Number of protein chains: 2
Amino acid sequence: MLEPVTLAHVAREAGVSPSTVSRILNGTANVTPEKRVRVEAVIARLNFRPNPQAQALAGGRSLSIGVITPSLHSTFYGEALAGIEAALDDTPYHPLVISGQWRTEREQEALDVLLARRVDAVILLGGILDDEILQHVARRVPLIAVGREVRGLSECCIVLDNAAGMRLVAKHLLSLGHRQFAYISGAERQSDALERRHAFLGTLQAAGLTVPDGLIQVGNYTEDGGRLAAQRLLDTGLPFTALACANDQMALGARLTLYRAGLRVPEDVSLTGFDDVVTSSLMTPPLTTVRQAIYDIGTVAAREALNLLAGQPVNRQLFTPELVVRDSTAPSPSPSPAEAQA
Amino acid sequence: MLEPVTLAHVAREAGVSPSTVSRILNGTANVTPEKRVRVEAVIARLNFRPNPQAQALAGGRSLSIGVITPSLHSTFYGEALAGIEAALDDTPYHPLVISGQWRTEREQEALDVLLARRVDAVILLGGILDDEILQHVARRVPLIAVGREVRGLSECCIVLDNAAGMRLVAKHLLSLGHRQFAYISGAERQSDALERRHAFLGTLQAAGLTVPDGLIQVGNYTEDGGRLAAQRLLDTGLPFTALACANDQMALGARLTLYRAGLRVPEDVSLTGFDDVVTSSLMTPPLTTVRQAIYDIGTVAAREALNLLAGQPVNRQLFTPELVVRDSTAPSPSPSPAEAQA
DNA sequence: CTGAAAGCGCTAACAT
DNA sequence: ATGTTAGCGCTTTCAG
């Protein structure tokens with residue numbers, strides 16, 4: 001285990017003081033070109049990298065940006081993480097990721113750990129922490145929230161127009177002639193889940209249609225939640241020709257239930273999701289969904305965090321959703337003669 | 001932005017020296033019960049958390065464990081990451097994740113960054129770095145490699161018995177009566193891809209069967225690679241009734257190609273994967289695959305890393321694979337009369 | 001423009 | 001058992 005080379009080594013080797021090396025490293029002050037060249041040569045030769053721990057301690061910045069994600073193995077949040085990492089790539093900052101696992105205590109704990117690690121900023125992906133707590137945190141450290149609205153912090157929120165997106169879905173389904181709908185919603189505590197559901201039901205209502213209570217089930221944005229919710233839907237025995245899910249992961253789970261029940265997609269029931277996770281285009285059949293450029297949103301979140309750090313004002317980012325029509329939706333099956341008579 | 005409370009504050013407040021507080025924090029030495037209680041009370045009241053940066057600098061340990069993963073948004077590696085995070089949860093250590101994106105330079109860079117950050121150990125998930133480089137790294141910092149064999153470092157490798165797993169698949173397919181096979185392999189540079197392919201082809205050979213060159217295509221362990229490889233397979237026009245893929249993600253991609261081509265799974269072609277990623281059980285139809293408990297492997301990797309840190313010897317971990325039969329495989333379709341005559 | 005010196009918050013000998 | 005004293009590697013006044 002070799003001894004790591006320190007700034008002091010470099011200074012000695014180059015025949016200058018540590019401060020000079022530091023200044024060159026940070027561009028803090030002007031240095032004679034010849035010294036700069038000399039020092040830079042030594043840095044390169046020794047392959048010196050400043051110790052971030054020491055920099056953090058002395059400089060008061062940790063050079064790391066905390067990220068709280070609900071899950072590490074979610075196709076959706078994984079993409080966001082990839083975007084954040086990519087955006088931070090050319091900067092001296094590094095993401096420090098902790099998962100909250102959809103549990104308030106875990107999220108709180110994650111926040112504590114990140115603050116203890118003195119992260120310079122925090123990016124919160126989704127999550128269920130109270131607005132009050134977040135407002136408090138935002139006072140200690142620059143905060144960016146993705147995919148959720150935080151009261152009093154709307155400038156720092158990067159959100160998608162959920163209502164507009166879900167309206168697109170509802171209209172698409174209506175235009176295909178569907179009249180009997182089922183809906184799988186996200187958890188009530190999440191604002192985006194509420195927005196999506198409200199927009200879906202609202203659009204149908206505007207068209208003079210309602211969805212019976214039994215055909216609205218709550219999943220929790222996970223594949224398994226979707227699978228179970230779809231089962232409850234079928235258990236009601238109520239008819240429907242279109243099933244809209246509040247996100248792609250639940251649509252994937254629901255699709256399994258439909259398969260097991262011998263229902264064909266889209267011949268028997270049209271299925272839709274929301275988010276356009278990468279795997280959705282690979283489903284059988286490929287899923288009709290709403291594109292939310294989550295990777296890009298991740299990069300924007302990281303950049304906004306950097307801006308906040310630099311003391312620049314952030315301005316609210318609202319992403320526009322886009323309907324992606326694939327094979328999982330088709331015209332409503334014409335009712336069988338018997339049903340038509342009924 | 002409140003001032004963080006420091007160990008010095010706690011010491012003053014409790015009327016003891018900083019060292020005493022430190023000792024209590026680390027359990028380094030015995031402290032009078034009464035003092036301990038007093039100090040602990042103050043710690044709780046002030047909600048004090050030691051600054052990890054300072055601990056790192058003074059103690060020579062960063063309390064973080066570097067993790068290099070090929071990808072942040074992979075269902076497979078995501079699970080491993082979740083396992084690692086979970087195993088580290090009750091320890092003072094924290095994972096620092098960087099993605100290598102299947103590019104040697106990126107992996108090298110990731111390694112450099114982690115070493116610069118003075119991580120206490122490194123866990124390498126898959127990856128394509130040369131064995132020589134890893135041997136060198138292992139001399140500087142405890143290293144655990146997951147899913148790959150590193151020459152001269154076999155003790156630190158956590159691997160699955162790839163050959164045994166793929167043999168299970170081949171035998172399963174043979175027992176279903178299949179005689180015409182196609183195979184989608186991982187990249188040549190990865191040892192596990194090689195092992196799996198060799199085992200598959202070897203088992204068929206032992207049964208007196210060979211696979212024509214055109215029906216062996218190389219993907220790169222990604223969904224898209226599988227999709228493309230499957231297309232090349234179909235383009236050859238050669239017949240096959242079973243398609244084995246070297247991992248689940250490629251099987252998912254291949255499944256899309258089959259769907260587009262109007263081929264039914266498993267009626268027209270049986271499809272298999274490897275890994276048993278969570279989403280595989282949700283495919284339409286659910287995928288027959290080899291279970292590799294990747295989450296568990298992640299936790300073991302983290303624990304082994306901790307062991308290495310503690311100076312305890314690690315012993316080579318070999319996981320045993322298990323066949324999971326689902327709906328994507330079925331008896332070989334009886335050849336049509338025309339084919340039977342040919 | 002540059003060096004000397006004083007910490008950042010903590011740990012780890014070294015004393016006592 | 002506990003306090004005192006040095007640093008860890010770097011940044012940042014403060015002089016010059």
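If you're wondering where the values come from, they're calculated on a predicted model, not measured in any experiment.
In this structure, CG of L46(B) is placed 14 Å from P of dG9(C), rounded to the nearest angstrom. Going from atom CG of N26(A) over to atom P of dT12(D) covers 7 Å, rounded to whole Å. Rounded to an integer number of Å, the gap from R61(A) CZ to dG9(C) P is 16 Å. dT11(C) atom P lies 13 Å from atom CD of Q53(A), rounded to whole Å.
Checking dC10(C), dT2(D), dT11(D) against every side-chain atom of L25(A), the shortest atom distance belongs to dT11(D). With dG3(C), dC10(D), dC8(C) as the candidates, the nucleotide lying closest to the side chain of F48(A) is dC10(D). Of the candidates dG3(D), dT11(D), dT2(D), dG3(D) carries the atom nearest the V16(B) side chain, counting heavy atoms from C-beta on. For S19(B), the side-chain atoms get nearest to dA12(C) when compared with the rest of dT2(C), dA12(C), dC8(C). The side chain of A54(B) approaches dC10(C) more closely than any other nucleotide in the set dC10(D), dT2(D), dC10(C).
For dC1(C), the OP1/OP2 oxygens have a side-chain nitrogen or oxygen of N30(A) closer than 4.0 Å. Phosphate contact (OP1/OP2 of dG3(D), side-chain N/O of T20(B), threshold under 4.0 Å): present. For Q55(B) and dT11(C), the shortest distance from a side-chain N or O to OP1 or OP2 is below 4.0 Å. The phosphate of dT2(C) has OP1 or OP2 within less than 4.0 Å of a side-chain N or O from K35(A). Note on N51(A): every side-chain N or O is 4.0 Å or more away from OP1 and OP2 of dC8(D).
The number of heavy atoms from other shown groups lying within 6.0 Å of CZ (R61(A)) does not exceed 12.
By the 4.5 Å heavy-atom criterion applied to side chains, I84(A) and T299(A) are not counted as neighbours.
In terms of modelled atom types and a separation under 3.5 Å, the side chain of R36(B) and the main chain of E34(B) share no donor-acceptor contact. Under a 3.5 Å cut-off, the side chain of Q135(A) and the backbone N or O of R151(A) do form a donor-acceptor pair.
Side-chain to base pairing of R23(B) with dG3(D): one donor and one acceptor N or O lie within less than 3.5 Å of each other. In terms of polar N and O atoms assigned as donor or acceptor, the side chain of T32(A) never comes within less than 3.5 Å of the base of dT2(C) in a complementary pairing. No hydrogens or angles were tested; on distance alone, nothing pairs the side chain of T28(B) with the base of dA12(C) as donor and acceptor under 3.5 Å.
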message: Pair D131(A), R148(A) - check salt bridge (charged side-chain N to carboxylate O under 4.0 Å, His left out), show working.
response: CA-CA 10 Å; D131(A) 289 359; R148(A) 64 170 286 179; 2.7 Å; yes

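Residue order along DNA chain D, read from the 5' end via each residue's closest nucleotide, puts S17(B) first among S22(A) and S17(B).
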